[in-house]
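Beneath this line is the structure, given in C-alpha cells, with notes to follow.
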2 protein chains.
Amino acid sequence: MATSVRVPLSRERVLTAAVGLADAGGIESLSMRRLGQELGVEAMSLYNHVANKDEILDGIVDIVVGEIEIPSPGDDWKPAMRQRAISARAAFTRHPWATGLMESRINPGPASMRYYDSVLRSLREGGFSIEMAAHAFSVIDSYIYGFILQELSLPFDTGEEAAEVAETIVAQMPVDEYPYLVEMAVEHAMQPGYDYGNEFEFGLDLILDALERMQTDA
Amino acid sequence: MATSVRVPLSRERVLTAAVGLADAGGIESLSMRRLGQELGVEAMSLYNHVANKDEILDGIVDIVVGEIEIPSPGDDWKPAMRQRAISARAAFTRHPWATGLMESRINPGPASMRYYDSVLRSLREGGFSIEMAAHAFSVIDSYIYGFILQELSLPFDTGEEAAEVAETIVAQMPVDEYPYLVEMAVEHAMQPGYDYGNEFEFGLDLILDALERMQTDA
DNA sequence: TAAGGTACATATACACCGTAAGTTTGTCAA
DNA sequence: TTGACAAACTTACGGTGTATATGTACCTTA
C-alpha cells in the first residue's frame with residue numbers, strides 16, 4: 001500500500017543535513033529536533049546513527065575540511081601552499097560556522113588527517129627538514145585560520161557595505177579618542193574599491209616568500 | 001536588624017563574575033542562572049544591568065582584550081608589535097574561552113577600540129603608510145589569533161603530555177595512510193623537550209622581519 | 001514626617017535545548 | 001508463521017534565555 005520508498009537514515013545523511021542546516025541558519029540553528037525535522041524523523045532517531053551532538057559537530061567540521069583542495073604529490077611546495085590556503089579560505093567562507101567550531105573540536109576526522117598529511121608531504125618533498133616543516137606548517141595554518149576568523153568577525157561582507165558601516169561607526173565614535181582608528185576608517189576602509197579580503201594574499205605571500213628565503217639561505 | 005551591608009549589583013560586578021565563571025568552567029558553564037547564583041541573586045536581576053546574554057559575552061571579551069599590554073607612544077614598532085603579540089597570547093591563554101568568542105562578537109568594546117588604535121598608532125609612527133599599516137595589522141593579527149586558536153585546539157598542554165597523546169594516537173593510526181603525519185609525530189612531537197608553544201615566536205619573527213625588510217626596501 | 005517615584009530584586013511562565021529510558025514498528029531469515 | 005533485530009517513536013527530566021508581572025527598599029520633594 002505504502003508506495004513511498006523508505007530511504008533509511010544513515011550517518012552520512014544526518015551529517016549532510018546538519019551541514020545544510022548550519023549553512024542556512026548558522027550553527028545555533030542546528031538542534032537535534034530541527035535536524036530530525038529536516039530529515040522527517042524524530043530527534044531521538046538520530047541517536048541510532050550518531051552517539052551524540054558532539055559527534056555531529058566533529059563530523060561536519062571534517063566535511064568542511066574535506067572540501068579543501070589538497071596538494072598532490074609532486075606539486076611545488078610554494079604554489080601548493082598558496083593554493084591550499086586560498087581553497088581553505090573558500091571552504092570556510094562557504095561554511096562560516098565551521099571556523100568557530102575548530103577551537104572546540106578535538107577529534108580530527110579522516111578528511112582532516114588526509115589534509116594535514118598531504119600538507120606535510122608537500123613541505124617535506126619540497127626540501128623542508130622536519131623541524132622547518134613544522135615551523136612552516138604552524139605559521140601558514142595559523143595565518144589562514146586567523147585571517148578567516150578576523151574576516152568573519154567583520155560586520156560587513158562587501159566593500160560598499162564596509163564603507164557604509166565604517167561611516168556610521170565613525171560618526172558616533174569619539175574622534176579624538178581613537179584618531180588612528182578614524183584615520184584608517186576614513187582614508188582607507190571608506191575609500192571606493194576597498195575590500196578587506198584583498199589583504200589575504202598580501203599576508204600569505206609575505207609568509208611564503210619569507211619561508212622560501214629562509215630555505216634557500218640555509 | 002540586618003547588619004549586612006547591601007552591595008548593589010552593577011554591570012561591572014556582573015561582567016567580572018562572568019569572567020570568573022568562564023575561567024573556572026569554560027564558556028558553556030556560563031548561564032544566567034549560574035551567574036545570578038554566583039552573585040547571590042536571581043537570574044532575572046541581571047537584566048537590570050545588562051540587556052541580554054549577548055551583551056555579557058561582548059563585555060567579557062572586551063575585558064580580556066583590555067588585559068593585553070598595548071604599545072606606548074614612542075615605542076619602536078617592531079618590539080612593540082612583538083610585545084603585544086606575546087601579551088595577547090598570554091591573555092587568551094588565561095581565558096581560553098575568549099578566543100572562540102571573537103568570531104561571534106561583532107560589537108567591539110572600549111578596550112578593543114583602544115587596543116586597535118594603539119596598534120595602528122605604533123605602526124603609523126613607525127613610518128608605515130596607511131596602506132602598509134593595514135597590511136601589517138592584518139597579517140600580524142591574523143597570525144596571533146590563528147596561532148592561539150590552533151594552540152587551544154590541541155588536546156594537550158605540555159610537551160610531556162603531547163608526547164603521550166601523540167603516542168596513543170599514532171599507535172591506533174593507519175601508519176601507511178598518513179606517513180608524514182606519523183613522521184612528524186614520532187620524530188618531532190614525541191621527542192623530549194618538544195613544546196608546540198615554541199612555534200609562536202618563530203612565526204612571529206618571520207612575519208615581523210619580513211615587514212621590516214619590506215619597509216626598508218621601499 | 002508623609003507621599004510619590006524610581007531603581008532593582010523577585011516570581012512565574014514559556015518555548016526551546018540535549019538526551020536517558022522505555023516502547024512500538026518495520027524488515028528479513030529461518 | 002515466527003522470531004530476532006534494527007531503527008523509529010514516545011515520554012520525561014533537568015537545563016537554557018528571557019518576557020512579563022509583581023513586590024520592595026530607598027530617595028526626593030512637599
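Each chain gets a letter, A, B and so on, in the order the sequences are listed, and its residues count up from 1. Treat the numbers as computed from the prediction; the structure is a model and nothing was measured. For the numbers below, each heavy atom of this structure counts, side chains included, while hydrogens, waters and symmetry mates do not.
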Query raised in the report: In residues 14-26 of chain A, what residues come within less than 4.0 Å of DNA chain C, judged by heavy atoms?
Result: none
**Report entry** B:Y116: partners by side chain to side chain donor-acceptor pair (under 3.5 Å), with sequence neighbours left out
**Finding:** none
Requested in this report: Output the single nucleotide from D:dA8, D:dT20, C:dT19 whose closest atom is nearest the side chain of B:M44.
Outcome: D:dT20
Query raised in the report: Are the charged groups of B:R33 and B:E42 less than 4.0 angstrom apart, N to O?
Result: no
Report summary line: A:Q37 meets the side-chain contact (heavy atoms from CB on, under 4.5 Å) criterion, sequence neighbours left out, with none
Query raised in the report: So, does the side chain of A:N48 form a donor-acceptor pair with the base of D:dA6 at under 3.5 Å?
Result: no
Query raised in the report: For A:I56 and C:dC17, what is the distance between atoms CD1 and P respectively, to the nearest whole Å?
Result: 13 Å
Report task. Respond yes when some side-chain nitrogen or oxygen of B:S45 is under 4.0 Å from OP1 or OP2 of C:dC8, and no when none is. Result -> no
Query - Member of B:L152, B:I144, B:V64, B:L149 meeting the side chain to side chain contact (heavy atoms under 4.5 Å, CB included) criterion with B:F92 - result: B:V64
Query raised in the report: For A:L9 and C:dG26, what is the distance between atoms CG and P respectively, to the nearest whole Å?
Result: 16 Å
Scan the side chains in residues 107-114 of chain A for donor-acceptor partners under 3.5 Å anywhere in the protein, sequence neighbours excluded, and list what turns up.
residue	atom	partner	partner atom	Å
A:N107	ND2	A:D58	OD2	3.2
A:S112	OG	A:D62	OD1	2.6

Atom pairs and distances, side-chain donor-acceptor, residues 186-193 of chain A, under 3.5 Å, sequence neighbours left out:
residue	atom	partner	partner atom	Å
A:Q191	NE2	A:V186	O	3.1

**Report entry** A:E69/A:R84 ion pair, N-O < 4.0 Å
**Finding:** no
Report task. Give a yes or no on whether A:E161 atom CD has more than 12 heavy-atom contacts from other residues, nucleotides or ligands under 6.0 Å away. Result -> yes
Requested in this report: Using whole Å, report how far CD of B:E42 lies from P of D:dA21.
Outcome: 19 Å
Query raised in the report: What is the distance, rounded to the nearest whole Å, between atom CD of B:E28 and atom C1' of C:dG18?
Result: 14 Å
**Report entry** B:R124 bridged to A:E183 by N-O distance under 4.0 Å
**Finding:** yes
Report task. May I ask you to verify if any side-chain N or O of A:H49 is less than 4.0 angstrom from the OP1 or OP2 atom of D:dA6? Result -> no
Can you name the atoms? Protein N/O to nucleotides 13-17 of chain D N/O, anything below 3.5 Å, with the distance.
residue	atom	partner	partner atom	Å
D:dT16	OP1	B:S31	OG	2.7
D:dG17	OP1	B:M32	N	3.3
D:dG17	OP1	B:K53	NZ	2.9
D:dG17	OP2	B:M32	N	2.9
D:dG17	N7	B:R33	NH1	2.7
D:dG17	O6	B:R33	NH2	2.9

Report task. Take the protein atom CG of B:L46 and the nucleotide atom P of C:dA7, then report the distance between them rounded to whole Å. Result -> 19 Å
